[in-house]
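Please read the structure below before turning to the comments.
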Amino acid sequence: MIFRILILFLALMVTNSIAFSDQQTYIVHMDQTKIKASNQDSTKPWYESIIDFISESSMQEDDEEDILAPQLLYTYETSMFGFAVHLSKKHLKYLNQVDGFLSAIPDELSTLHTTYSPHFLGLRNGRSLWSASNLATDVIIGVLDSGIWPEHISFQDSGMSPVPSHWKGVCEKGTKFSSSNCNKKLIGARTYYKGYEKFFGKKINETVDYLSPRDSEGHGTHTASTAAGRVVKNANLFGQARGTASGMRNFCDSDSIAIASFGATKKGVFVACSAGNSGPFPSTVGNGAPWITTVAASSTDRSFPTKVKLGNGKTFEGSSLYQGKKTNQLPLVYGKSAGAKKEAQYCIGGSLDPKLVHGKIVACERGINGRTEKGEEVKVAGGAGMILLNNEYQGEELFADPHILPATSLGASASKTIRSYSQSVKKPTASISFMGTRFGDPAPVMAAFSSRGPSLVGPDVIKPDVTAPGVNILAAWPSKISPSFLMSDKRKVLFNILSGTSMSCPHVSGIAALLKSFHKDWSPAAIKSALMTTAYTLNNKGAPISDMASDNSPFATPFAFGSGHVNPVNASDPGLVYDISTKDYLNYLCSINYTSSQIALLSRGKFVCSKKTLLQAGNLNYPSFSVLFGRSASNASVTYRRVVTNVGNPQSAYAVKLEQPNGVSVTVEPRKLKFEKVGQKLSYKVTFLSIGGARVAGTSSFGSLVWVSGKYKVRSPMAVTWK
């Protein structure tokens, strides 16, 4: 049996809602039933009929403003129904008159949420989820990103069986990309660029970019190989992180993403999206729709340590991918001692004075420009090395970067000492040494950049859902793009190390694909439930998962990691699952007072909120509990209902175990669940009672509810917030 994965790769370019003229691009949603009915006697496609109506109606108004006709860009008929179109405000007025029109959403600019991880996740070749029988199943993984480098060894198809005959996708031709670039591994590739060109008002420059699915950024190649790359032995970057690189078997904040992903979920497609890189600030989590699996980022136990030694003898540990000899003890400059300009502390272009920097180590604050860009500025100015300084919000987060000169990052506490030392000593000095690759660090640790809950859009659901490896991840890289992203860097690599929730998201996509191959009848919600209820909250040393963001509150909470860190092996056999239908999601939106027109964007006009049934947001059959109380709600209570489905032992009994959140009394009824067969569903109720008087608004406390039966521990986190 062979490792078998099919990949659908989508390269996407989108535009901002700001336009250079009166016209701009919109994603238009239509009621499929009404549009199809009204167009059944027409010889034209439905979208052409609509565009013709808008054009003709606008032309009847003798106004030069509407010389430009509406320009159709793309049509959608699968996970959503509508089209992308370039319109003026007057065009939009007539579009609103079309029977079946639901909404026109301005197109947005989407930004990137910018090996060893399978081993850290407990996946081994030939065992459990990675056994031959499981890896033989075809699973298609769609990646929405910057493109792909198809020649990379991670996407070779040797030993794979032919592409299934029912595959309907295409391999789109374009700049330096032909149908022959697809194979039995990379089975489809398309690119969407028309909105991008409309925004800039010009064609894509094919001398620096590709009008095709070919990757000019590196990001898409990296995430695709993380999600579904084939096994590549001895993968490394400059000799660091040496080992075997492979995908997890294995899209992602705007309303358009939520709408499209709902349509995908309705068709049985599991959707994972990155939580975002706006942490550690609260309520920054994105992609929070309950049908999306929202993924945070955390570390593995692998690091790339450095040692910084000051002239006073103090030493600090940092991180870097620089490969070279350690520096001598050299003069250290920072801020005004590196340049008269205020920007010198950030080492941005032209801010450093070569007379002050030459032959010295420069301390640079993070922010404004890229981390490797700062090193380039130091090198251009004649500097001999660089130390990157974290502020209090960046905490102890250490990025390993492929610098072009001896350089390292340092955490917030060490950075504070460096600033003080460099400004208080007459002749400060420092040295940097590089210690290679190290394993066995306490892990996982939540990344400071990983976006946090509670969700402002849907506070009734804990977001993110889970965390996965997203710090210093090794994966495939285009050979024509330098590892540092710098034009001056002429190094070429096959693999690169990046950090971000864009790196953690494809891990979960891959695990979900493994679970789907193992349980072909599981719904997207069942797969999410298995991932969440088997996630762990203790690190490899047996201590609670910590947070890089702060020393004052070192332990992370469900608003950072959701249910915890994914555990693919346990997720394959979770015991119980919380299943959710598309109707359940729509009822949830009814309960939080979404309008009929908003809901119609998801249901395509086929669903009406019930006026007879009292709906409660907390009753969505989610694998976690989010409870909201008023700050003075002493003795206030709320009761939620859940239904679990037995997917474990046919005859089994589960008993509940509670970890009570502070300031809350939790009761469960019944306290035992007895199953007689696989697939049987049983319900229970949970009552939350606020006790202990008034609370400070905005504070939260956390706990858990666990159903236990032998080896099974089906855990759901609880978050109680006083509004």
Side-chain angles (χ1 to χ4, degrees), residues 303-435 448 484 488 548 550-552:
S303 61
F304 309 93
T306 64
K307 185 173 74 173
V308 173
K309 184 178 181 181
L310 302 183
N312 59 12
K314 290 185 177 181
T315 61
F316 305 96
E317 186 173 295
S319 183
S320 178
L321 291 171
Y322 177 78
Q323 284 295 284
K325 296 180 180 179
K326 68 177 183 180
T327 70
N328 294 323
Q329 200 73 20
L330 299 172
L332 174 67
V333 292
Y334 167 72
K336 292 181 179 179
S337 63
K341 295 181 179 180
K342 183 174 64 175
E343 297 86 353
Q345 63 178 321
Y346 289 96
C347 302
I348 65 174
S351 65
L352 300 177
D353 187 341
K355 295 179 181 179
L356 299 175
V357 167
H358 183 77
K360 302 175 182 178
I361 292 176
V362 184
C364 306
E365 297 285 351
R366 275 178 56 187
I368 302 179
N369 57 338
R371 299 186 299 273
T372 56
E373 287 182 62
K374 297 176 188 292
E376 183 178 44
E377 290 301 322
V378 172
K379 188 174 182 179
V380 168
M386 177 183 67
I387 298 174
L388 280 169
L389 307 179
N390 277 11
N391 61 36
E392 60 178 311
Y393 299 110
Q394 293 152 349
E396 300 309 307
E397 179 176 78
L398 297 177
F399 288 111
D401 295 310
H403 295 286
I404 60 173
L405 82 170
T408 183
S409 60
L410 286 180
S413 57
S415 297
K416 184 177 181 180
T417 302
I418 295 285
R419 295 185 192 97
S420 176
Y421 170 74
S422 66
Q423 295 173 334
S424 61
V425 176
K426 190 174 182 179
K427 294 183 177 181
T429 65
S431 65
I432 310 172
S433 56
F434 306 92
M435 301 156 65
S484 64
S488 64
M548 298 180 191
S550 175
D551 281 334
N552 298 324

Rounded distance [0.5 Å steps], CZ in Phe304 versus CD in Gln323: 10.0 Å
Paired with Met435, the side chain to side chain contact (heavy atoms under 4.5 Å, CB included) test is passed by just one of Pro305, Ser319, Ser320, namely Pro305
Nearest heavy-atom contact between Ile404 and Tyr322 is C-CE1, 4.4 Å
Backbone N/O of Ser431 and side chain of Lys326: donor-acceptor pair under 3.5 Å: no
Exam field: side chain Glu396 to backbone Ser413, donor-acceptor pair closer than 3.5 Å: yes
Do Asn390 and Arg366 get their side chains close enough for a donor-acceptor pair, meaning under 3.5 Å? yes
Shortest non-hydrogen contact from Glu343 toward Ser351: O-OG, 3.6 Å
Could you measure the distance from the CZ atom of Arg371 to the SG atom of Cys364? Nearest 0.5 Å is fine. 13.0 Å
Nearest heavy-atom approach of Phe434 to Ala407 is CE2-O, 3.4 Å
Measuring from Leu389:CG to Glu365:CD, what's the distance to the nearest 0.5 Å? 5.0 Å
Taking Glu397 for the side chain and Ala448 for the main chain, is one N or O donor matched with an acceptor at less than 3.5 Å? yes
What closest approach, in Å, do Pro406 and Thr327 show between heavy atoms, and which atom pair accounts for it? CB-CG2, 3.6 Å
What's the separation between atom OG in Ser415 and atom CD1 in Ile387, rounded to the nearest 0.5 Å? 9.0 Å
From the list Leu388, Asp401, Val362, side chain to side chain contact (heavy atoms under 4.5 Å, CB included) with Lys374 holds only for Leu388
Sub-3.5 Å donor-acceptor pair from the side chain of Tyr334 to the main-chain atoms of Tyr421, do we have one? no
Donor-acceptor contact below 3.5 Å, side chain Thr429 vs main chain Gln329: no
Would you say that Lys360 contacts Leu330 through its side chain, given a criterion of any heavy-atom pair below 4.5 Å between the two side chains? no
Hey, mind stepping through Val378 and Leu405 against side chain to side chain contact (heavy atoms under 4.5 Å, CB included) and telling me if it holds? CA-CA 9 Å; Val378 172; Leu405 82 170; 3.7 Å; yes
Please give me the minimum heavy-atom distance between Ala338 and Ala344, naming the atom from each residue. C-CB, 4.5 Å
Smallest separation among heavy atoms of Pro402 and Ser484, with atom names: O-CB, 3.7 Å
When rounded to the nearest 0.5 Å, the distance separating CE of Met548 from CD of Gln394 is 13.0 Å
Do Thr306 and Thr408 pair up side chain to side chain, a donor and an acceptor below 3.5 Å, judged on atom types alone? yes
Value rounded to 0.5 Å, distance of CD1 in Ile361 from CD1 in Ile432: 4.5 Å
